[in-house]
Structures are given as C-alpha cells and as structure tokens.
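Here the structure is laid out as structure tokens; the discussion comes afterwards.
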Amino acid sequence: MGMAAAESRFHVLAVDDNIIDRKLIERLLKTSSYQVTTVDSGSKALEFLGLHEDDRSNSGSPSILTNNHHQELEVNLIITDYCMPGMTGYDLLKKIKESSSLRDIPVVIMSSENVPARISRCLEEGAEEFFLKPVRKSDLNRLRPHVMKAVSKDQKQEKHEEEEEEEKQEEKEIKSQKHQEQQQQQHQQQLSPRPSGNSKRKAMEENLSPDRTRPRYSDIAAVV
C-alpha cells in the first residue's frame, strides 16, 4: 500500500497515435497506480509540456485527450510510441533532451518493431528504456527506478534552491543590520555636543590669564 500510495502521486504522459495502444498503456499505468495523461502526437506532447512547435498542422483538434488541467500537474515520466506521423518518438525525445527545463524527465520509447539500430539510437539520445509492444505490466515495473530517481533529483534541486534562498536572505539581513548600525552611529555623532568657537577662545584666554604673567612683571620691577 505504501508503494502504491507513493506512485499515485507520479504523473505519466503517454504519447501514441494509435487509440488502441494508447488506451492499453493508459489502463496499464493506472493499474500500477500512476496518474496518466494521454495525447495522440508528439506536437501535442510538447504543447502539454509547455513547448510549442512552429508546425501546427493539427492545431484545430483538441490538444489534451484526458486531462484539461494539465498545467497544474508535473510530469514525472514520458512514455511515447516510436512510429508516429509528423513527429516520431525519437524526434520528441531529442526535443525534450534539448530543453533545459525538461531534459531531466525520464523518457521511455515503445515500438512494435524490434530494430536494434533504432533501439541503440534512442538509448544513446537519452531514453531510459525501450519497450516492445504490446507493453506488459512487467515492463512497467521497470519504470519505478527511473521515476524515483527523477523525483529524488527534483527534491535535491528544490532543497538546493531553498538553501541558496536562505543564504541570500541572511546576507540581506546582515547588510540591513550593518546599515542600521551605521545610521545609528551617524545619528549619535550628530547629537553629541561640539565645542563652539567661544568656548575655544575662552580656554585660550584662561591659559594666558594675568595671574601667570603678573609675577614676571613684579620680578622686573624689583630688579629695577
């Protein structure tokens, strides 16, 4: 139950132009307790992920087939068919890995054709797995490590960003405190009494008082 509860938070984007295969992978993923959104093309997958293609030949059809609140959901894994019109699964994989914001999302490729060169090319481009159709539940068990790894990476990144934000906040507080101390010192200096010109003159006159010079005059008179 614990594993199923954890996986129910994970969201998988499934991409397949064949409605039968799309429904099959959706059912298997939901049976494995994943949240699922399905789209029927690579361009719609990119649109769902926030990337937009210049070629919108199918822009008149609905983009999202199962979930209209896709912007509120974070995609934790993408599973896509290889052979699709317009944009293949390999093309979709490349665009995802070229995106700085999406490249950490695990991508799994599916195909009904066992072509070693195709499989190698997808794995070299960054695909985590290559499934042969029909996909079985045992295949989906191989998704767990990739999803957990991606989520763990996201959590570490979030923690790192939080620590950086805390450090910046501490620096701001220290600078603000120093600025306040400097202002207080300047204010105290402005309030502290300064000796006026009259006071200085009076002090000089006291140092040159007649009491000090008078004995000298009396000595001179005595001598005369």
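Computed from a prediction, not measured in an experiment: that's the story for all the values here. Computed from heavy atoms alone, side chains included, the values below leave out hydrogens, waters and symmetry copies.
- Contact annotation: the side chain of Asp81 approaches that of Asp17 to within less than 4.5 Å [non-hydrogen atoms, C-beta and beyond].
- Separating the CG atom in Leu132 from the CG atom in Asp139 is a distance of 8.0 Å, to the nearest 0.5 Å.
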Worksheet item: Does the pair Arg27 and Lys30 meet the rule for a side chain to side chain contact (heavy atoms under 4.5 Å, CB included), with working shown?
Response: CA-CA 5 Å; Arg27 184 166 64 251; Lys30 288 185 175 179; 5.9 Å; no

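- In this structure, the side chains of Tyr90 and Lys94 come closer than 4.5 Å at one or more pairs of heavy atoms.
- The CG atom of Asp21 sits 5.0 Å away from atom CG of Asp16, with the distance rounded to the nearest 0.5 Å.
- Between Leu143 and Tyr34 the shortest side-chain heavy-atom distance falls below 4.5 Å.
- Side chains of Leu49 and Lys95 form no contact here, defined as non-hydrogen atoms less than 4.5 Å apart.
- In this structure, Ser32 and Lys137 have side chains that are in contact, with non-hydrogen atoms separated by less than 4.5 Å.
- Asn141 and Ser138 are not linked by any side-chain donor-acceptor pair at a separation below 3.5 angstrom, with hydrogens and angles left out of the test.
- Counting only distance, with no hydrogens or angles, the side chain of His11 and the backbone of Glu74 share a donor-acceptor pair below 3.5 Å.
- Between the side chain of Ser111 and the backbone N or O of Glu113, at least one donor-acceptor pair lies under 3.5 Å.
- Side-chain heavy-atom separations under 4.5 angstrom define the hydrophobic clusters, and the remaining members of the one that includes Ile19 are Ile20.
- For the residue pair Cys83 and Arg118, the shortest heavy atom distance occurs at SG-NH1, 3.7 Å.
- Of all heavy-atom pairs between Leu93 and Cys122, the closest is CD2-O, 3.4 Å.
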Practice prompt. Given side chain to side chain contact (heavy atoms under 4.5 Å, CB included), test Thr80 with Ile109 step by step and report yes or no.
Written response: CA-CA 5 Å; Thr80 177; Ile109 307 292; 3.5 Å; yes

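- For Arg121, the salt bridge (charged side-chain N to carboxylate O under 4.0 Å, His left out) test picks out no residue, with sequence neighbours left out.
- Here the straight-line distance linking atom NZ of Lys149 with atom CG of Leu77 works out to 12.5 Å at 0.5 Å rounding.
- Separating the CE atom in Met87 from the NZ atom in Lys44 is a distance of 12.5 Å, to the nearest 0.5 Å.
- Among all heavy-atom pairs drawn from Val135 and Leu28, the shortest one is O-CD1, 3.1 Å.
- For the atom pair Leu92 CG and Leu13 CG, the distance stands at 8.0 Å (nearest 0.5 Å).
- Counting non-hydrogen atoms of neighbouring residues, nucleotides and ligands closer than 6.0 angstrom, the CZ atom of Arg136 reaches no more than 12 such neighbours.
- When side chains are defined from C-beta on, Phe130 does not count as touching Val115, because their heavy atoms never get closer than 4.5 Å.
- Contact detail for Val15 and Ala45: the closest heavy-atom pair is CG2-CB, 3.7 Å.
- The minimum heavy-atom distance between Pro106 and Glu128, with the atom names listed, is CB-CG, 3.7 Å.
- Nearest heavy atom pair, residue Leu51 against residue Ser99, reads CD1-CB, 4.0 Å.
- The structure places CD of Gln185 at 7.0 Å from CD of Glu181, a figure rounded to the nearest 0.5 Å.
- You'll find the side chain of Glu129 stays beyond 4.5 Å of the side chain of Pro145, heavy atoms only.
- With contacts defined as side-chain heavy-atom distances shorter than 4.5 Å, the pair Lys97/Val107 qualifies.
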